[in-house]
Amino acid sequence: MTAIENDADVIVVGAGPGGSTTAYHLARHGVRVLLLEKTEFPREKVCGDGLTPRAVKQLVKLGVDTSPEAGWLHNKGLRVIGGGVRLELDWPELASFPNYGLVRTRLDFDDLLANRAVEAGAVLRTGVTVTGPVLDDAGRSIGVTAETGPDRAPVTFHAPLVVAADGVSGRLPLALGLAKREDRPIGVAVRRYYRSPAKHDDNYLESWLELRSKENPDKLLPGYGWIFGMGDGRVNVGLGALNSSAAFGKTNYRRLLLDWLANTPPEWGMTDQVNADGPILGAALPMGFNRVPHYTRGVLLVGDSGGMVNPFNGEGIAYAMESGELAAEVMVQALARPAGVERERALAAYPAELKNRFGGYYRLGNIFVKMIGNPQVMRVATKHGMPHPMLMRFVLKLLANLTDPRGGDAMDRVINAMTKVAPAV
């Protein structure tokens, strides 16, 4: 399977959820994996820290203990606030997904997943910044160049296959000429931790569809907000905005977050800066396959690197892990074939299956993003939709992409039919 001069069968660039999941599944099948991470663990990441049942399913596949005793805060569903209505929606009871979500900081979460990959047999090297691909005479990747150590010493690693799991920056795909598509949605999110004894152990993820400032409560602020209890005395509070909004790129989102939080009850602890635990940090959310193709010239794109954030709800971790598992399955089969036409035929299954799984759903998500970018549409939808629990349960299933593909209820069948009819992105 492996040439002597190769350092590995597969090089995975980036040890976030997508990269570590890819490395785990490859190593479990006996593939020699080199997992390269530019930072040192544990390390912080900008994220809401909330995991839906879709992500929980992937953790179970990795053999992760998701019990409260192992440090996970379980949640029962989503609490939606908007249009003067407060609605608690439990996660659906499905055969395909568990009925609970989780919360855990990325500081712990990413470290845990990287360790699972190492336990499965992957070789993890931290403090290695990949600078670009190594190409053969035909322009196909045969490895990566990198810098390592405090002196940033240059080093080269070789492998017949490379996985770009390097996040929203996508430095490796960019080096291959794969730029972001401007016709696909992108979001921006900011978040901060607060000490909040009143909210820290909430068993629902909380989503605010309408944000209002204390100074002008009649005026809606752009974006949507969240408050996720961490179970350790803190909450993760943040807000997100989409590029379909007229305010996108023209708003100070850090100031907007403070403006919204000033209107929350004082006992929650989010109006007093003394309770703030760390700075306000922000990140981009690449959505709806905004970088393609997902396989080209020996390189597979996983997670945020391939723009796989769900346009409906901003969830990225589940799709990073799912794409990592799929990429590993495809590469195991490809590496068992001779290099050349046969191997490339196997590798072509990766973008084809991604498109089959998520292409129609992301097309609907892209339409959804454009619609809610109009404040009037969002206001009408919130006002008339929130008072109807049955409709909102349908919306929860749609937004969280939680349905049974076979044998589901009427809601599942409608959602599944919509995604099949929609042309894939």
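What's counted below: heavy atoms across the whole structure, side chains too, no hydrogens, waters or symmetry copies.
- Note on ring orientation: taking the six-membered ring where Trp is involved, the planes of Tyr100 and His74 are parallel (angle under 30°, cut-offs 30° and 60°).
- Sparse packing is recorded around NZ of Lys38, with 12 or fewer heavy atoms of other residues, nucleotides or ligands lying under 6.0 Å away.
- Enclosure of atom CE in Met418 by more than 12 non-hydrogen atoms of other residues, nucleotides or ligands within 6.0 angstrom is indicated.
- Of the N and O atoms on the side chains of Ser323 and Glu325, not one donor lies less than 3.5 Å from an acceptor on the other residue.
- No cation-pi contact links Lys76 to Tyr204, judged by a cut-off of 6.0 Å to the six-membered ring centre and 45° from its axis.
- For the residue pair Glu344 and Tyr295, a side-chain donor N or O sits within less than 3.5 Å of a side-chain acceptor on the partner.
- When all heavy atoms are compared, the tightest approach of Pro293 to Leu301 is O-CD2, 3.8 Å.
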Exercise for the section: Apply side chain to side chain contact (heavy atoms under 4.5 Å, CB included) to Val130 and Asp166, showing your working. Expected result: CA-CA 9 Å; Val130 172; Asp166 48 353; over 6 Å; no

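- Across all their heavy atoms, Ala146 and Phe157 have their closest contact at CB-CE1, 4.2 Å.
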Exercise. Show your reasoning for whether side chain to side chain contact (heavy atoms under 4.5 Å, CB included) applies to Leu78 and Glu206.
Key: CA-CA 6 Å; Leu78 184 68; Glu206 193 164 277; over 6 Å; no

| task | Verify salt bridge (charged side-chain N to carboxylate O under 4.0 Å, His left out) between Asp259 and Lys214, making sure each step is shown before the conclusion. | result | CA-CA 7 Å; Asp259 196 15; Lys214 189 171 185 177; over 6 Å; no

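- Here the closest heavy-atom approach between residue Asp412 and residue Asp409 is recorded as N-OD1, 2.9 Å.
- The only option from Leu221, Leu257, Leu261 that meets the side-chain contact (heavy atoms from CB on, under 4.5 Å) definition with Leu211 turns out to be Leu221.
- Taking the ring axis of Tyr24 as reference, the NZ or CZ atom of Arg116 does not stay both within 45° of it and closer than 6.0 Å to the ring centre.
- Side-chain atoms of Trp268 and Asn275 form no donor-acceptor pair, as typed in the model, at a separation below 3.5 Å.
- The environment of Lys355 atom NZ is sparse: at most 12 non-hydrogen atoms of other residues, nucleotides or ligands sit within 6.0 angstrom.
- If you check the side chains of Arg192 and Gln273, you find a donor sitting under 3.5 Å from an acceptor.
- For the pair Arg291 and Ser305, the tightest heavy-atom approach, listed with the atom from each and the gap, is NH1-O, 2.8 Å.
- No side-chain heavy atom of Met331 sits less than 4.5 Å from a side-chain heavy atom of Val31.
- Summarising the geometry of Trp226 relative to Asn236, their closest heavy-atom pair is NE1-OD1, 2.9 Å, with the distance given to 0.1 Å.
- Trp91 and Asn75 form a side-chain donor-acceptor contact under 3.5 Å, judged by distance and modelled atom types alone.
- Of the charged side-chain nitrogens involved, none lies within less than 4.0 Å of a carboxylate oxygen, so that Glu322 and Lys57 do not count as a salt-bridged pair.
- Annotation for Pro185 and Pro311: closest pair CG-CB, 4.3 Å, computed over non-hydrogen atoms.
- Taking the six-membered ring for Trp and the full ring otherwise, Tyr362 and Phe312 have centroids separated by 6.0 Å or more.
- Remark: the Thr105 side chain and the Asp49 side chain contain no N/O donor-acceptor pair separated by less than 3.5 Å.
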Would you please test Arg79 and Asp202 for salt bridge (charged side-chain N to carboxylate O under 4.0 Å, His left out) and show each step?
CA-CA 10 Å; Arg79 180 184 301 115; Asp202 195 346; 2.6 Å; yes

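- Using modelled atom types and a 3.5 Å distance limit, the side chains of Glu40 and Thr126 yield a donor-acceptor pair.
- Checked against the 6.0 Å centroid criterion, the rings of Tyr194 and His200 do not qualify as a close aromatic pair.
- Within a 6.0 Å sphere centred on NZ of Lys180, heavy atoms belonging to other residues, nucleotides or ligands number more than 12.
- For the side chain to side chain contact (heavy atoms under 4.5 Å, CB included) test, no residue two or more places apart in sequence or in another chain qualifies with Glu182.
- Checking Glu93 against Asn99 by side-chain atom types alone, a donor-acceptor pair falls below 3.5 Å.
- Between the side chains of Thr382 and Glu210, no donor-acceptor pair is found at a separation under 3.5 Å.
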